[in-house]
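In what follows, a structure is listed as structure tokens, so that the remarks can point back to it.
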Amino acid sequence: MRFFQRIAEERIEAAMEEGAFDNLPGAGKPFTWRAGDPVVPKSLRKSGYTPPVVVLNRKLEDLRARLSSEVDRTRRRALLAEIAETDMRRAMELERAVRDARRR
């Protein structure tokens, strides 16, 4: 496992040197936590880390809000498809997180 961790860290460092993380959306802004967000260690919160499940939950909230105000049938169908896909991705991410937590 350490082998893969070392490779990941090397790739992250190389990407940082190349500037891959420069000018990301929200860079330099504090992350706002909402009630119901999963617990994340303080050090990760301070660094701006957002768990994938939180990102997907927020996207679902936004999509559902857009759906409730949409009147065009074609756009409603597209939003419903995007909601279904995002919900599936969220469920997969939750399963992965639970599986990883059980391994520890």
Side-chain angles (χ1 to χ4, degrees):
M1 191 64 162
R2 294 239 183 238
F3 172 74
F4 293 111
Q5 184 177 1
R6 190 177 75 236
I7 289 174
E9 289 174 359
E10 288 173 0
R11 289 185 180 178
I12 290 170
E13 288 176 18
M16 287 172 62
E17 289 174 9
E18 293 170 3
F21 301 114
D22 295 345
N23 301 319
L24 290 175
K29 297 177 185 172
F31 182 76
T32 54
W33 292 89
R34 299 180 187 170
D37 285 351
V39 177
V40 177
K42 190 175 185 177
S43 59
L44 289 177
R45 279 197 309 256
K46 284 187 174 185
S47 72
Y49 173 74
T50 307
V53 173
V54 173
V55 173
L56 293 169
N57 279 338
R58 291 180 181 175
K59 183 175 180 179
L60 279 170
E61 287 176 14
D62 177 58
L63 289 170
R64 288 178 178 142
R66 288 173 43 202
L67 178 66
S68 69
S69 64
E70 185 58 64
V71 293
D72 182 66
R73 290 177 73 179
T74 304
R75 283 184 259 172
R76 283 184 63 84
R77 279 193 208 121
L79 282 169
L80 285 169
E82 192 173 357
I83 288 170
E85 180 185 345
T86 304
D87 195 36
M88 179 187 64
R89 288 176 47 215
R90 182 181 59 105
M92 291 170 58
E93 189 60 42
L94 279 170
E95 281 183 34
R96 187 195 59 75
V98 169
R99 189 175 52 247
D100 290 349
R102 287 182 179 156
R103 287 183 185 161
R104 291 180 192 161

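The line from CG of L67 to CZ of R77 is 12.5 Å long, rounded to the nearest 0.5 Å. Note that the CG atom of L63 and the CD atom of E82 stand 4.5 Å from one another [nearest 0.5 Å]. Separating the CZ atom in R89 from the CG atom in L94 is a distance of 12.5 Å, to the nearest 0.5 Å.
Checked for salt-bridge contact, E70 and R66 miss the test: no charged N lies under 4.0 Å from a carboxylate O. Checked for salt-bridge contact, K59 and D62 miss the test: no charged N lies under 4.0 Å from a carboxylate O. Salt bridge status for R6 with E9: absent, with no side-chain N to carboxylate O gap under 4.0 Å.
No continuous path of hydrophobic side-chain contacts links V55 to V53 [ILVMFWY only; heavy atoms under 4.5 Å].
Within 6.0 Å of atom CE in M92, 12 or fewer heavy atoms from other residues, nucleotides or ligands are found, so the atom counts as exposed in its surroundings.
In this structure a side-chain-to-backbone donor-acceptor pair under 3.5 Å is missing from T86 to I83.
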